[in-house]
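Worth knowing before you read on, the calculation uses all heavy atoms, side chains too, and leaves out hydrogens, waters and symmetry mates. Counting starts at 1 for both ligands and their atoms, in listed order.
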Amino acid sequence: MQNITKRFGGVTALSDVNLEAYSGEVLAIVGDNGAGKSTLIKILTGVYQPTSGEIFLGGNPVQFSSHAEATAHGIDAVYQTLALADHLDPAANMFLGNELTHKVAGMTLLDNKRMRTETERVLMERLGVRLKSLDAPTVSLSGGQRQAVAIARAVYHDDLRVLVMDEPTAALGPQETARTLKLIETVKAQGIAVILISHSLDDVLQVSDRIHVQRRGRRVGVVNTADTTIQEVLGLIVGAAEEAA
Ligand SMILES: Nc1ncnc2c1ncn2[C@@H]1O[C@H](COP(=O)(O)OP(=O)(O)OP(=O)(O)O)[C@@H](O)[C@H]1O
Ligand SMILES: [Mg+2]
């Protein structure tokens, strides 16, 4: 993303922001409330259009006028408030709006059996996850399992190139958080560029390769996770250097 600016009326949410993400890497985006993290990734995923600036995918300029267009280019997102239908089972969620069908006696019917086996296969083959029951409504799954279903839905598309996760562990306990971080590593190992927005520096230091720091609508630094400290990242987030000056 190059020189992205986004204004909402008189509010400048993003000023001239650059962001680089690479396949097989986890890029974390951190920053205080209102720093512009969600706005930035909503532009990347086609939910918002930038006021100015450009997006390049594999070096080619792209423009998304909708989330569907971004998805078609292999960019997808998993949000904290998971867009899962609680009352439907995992397979129905996996294929929501994209149902598999078959013809029976000339009629088109939902192919529930294949949706279930595909869901089972993707969860196991791509994420190493087995759900105890594929019959239960999604609301009865644990937070980590719900997260797995949401990620499975994204990685089901073989041409997924960028997966954005906005606060995936915010609502999870420690065990579920650990599982979700493992899923992130699994997705990364498949050559997908993962972008992780998180308020948990522990998670970020554990799972990211680089950290992009947003402050008041600007990118104020990018650091290699292996070479940084909590103090350095916190300093960037609160603008310590700026304040000292
Ligand atoms: N749809 C909108 N209309 C008007 N202002 C908006 C809109 N979306 C975001 N903003 C403003 O843009 C700025 C950046 O918001 P954004 O949601 O991107 O921050 P964030 O870094 O994701 O914060 P948080 O950590 O709280 O999720 C804020 O000042 C916010 O009020
Ligand atoms: Mg946000």
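- Closest heavy-atom approach to atom 24 (P) of ligand 1 within the set Asn33, Asp166, Val30: this belongs to Asn33.
- Residue contacts with ligand 1: Gly31 is excluded, as none of its non-hydrogen atoms falls under 4.0 Å.
- Using 4.0 Å as the threshold, Ile197 has no heavy atom nearer than that to any atom of ligand 1.
- Atom 14 (C) of ligand 1 has as its closest protein heavy atom Gly34 O, 3.4 Å.
- Close contacts of ligand 1 with Thr39, meaning ligand atoms under 4.0 Å from a residue heavy atom, involve 9 (C), 14 (C), 15 (O), 16 (P), 18 (O).
- At least one heavy atom of His199 sits closer than 4.0 Å to an atom of ligand 1.
- A donor and an acceptor atom, one from each side chain of Gln214 and His212, are located under 3.5 Å apart.
- Inside a 4.0 Å radius of atom 30 (C) of ligand 1 there is not any protein heavy atom.
- For atom 9 (C) of ligand 1, the closest non-hydrogen atom of the protein is Phe8 CE1, 3.6 Å.
- Nearest to atom 17 (O) of ligand 1 among the protein's heavy atoms is Ser38 CB, 3.9 Å.
- For atom 25 (O) of ligand 1, the nearest non-hydrogen atom from the set Arg215, Arg7, Lys37 comes from Lys37.
- In this model, no donor atom of one side chain and acceptor atom of the other lie less than 3.5 Å apart for Thr45 and Asp76.
- The hydrophobic clustering, which links ILVMFWY residues whose side-chain heavy atoms are closer than 4.5 Å, places Ile55 and Val162 together.
- For atom 12 (O) of ligand 1, the closest heavy atom belonging to the protein is Ala13 CB, 3.2 Å.
- At a cut-off of 2.8 Å, Thr39 is not counted among the residues with an N, O or S atom near the Mg ion (ligand 2).
- Under the 4.0 Å criterion applied to side-chain N and carboxylate O atoms, Asp209 and Lys188 are assigned as salt-bridge partners.
- For the residue pair Lys6 / Thr39, no side-chain donor-acceptor distance below 3.5 Å is found, with atom types taken as modelled.
- Looking at Thr5 and Leu14, their side chains never come closer than 4.5 Å, going by heavy atoms from C-beta outward.
- When only modelled atom types and interatomic distance are considered, Thr169 and Asp203 share a side-chain donor-acceptor pair under 3.5 Å.
- Taking atom 1 (N) of ligand 1 as the reference point, the nearest protein heavy-atom neighbour is Tyr48 OH, 3.4 Å.
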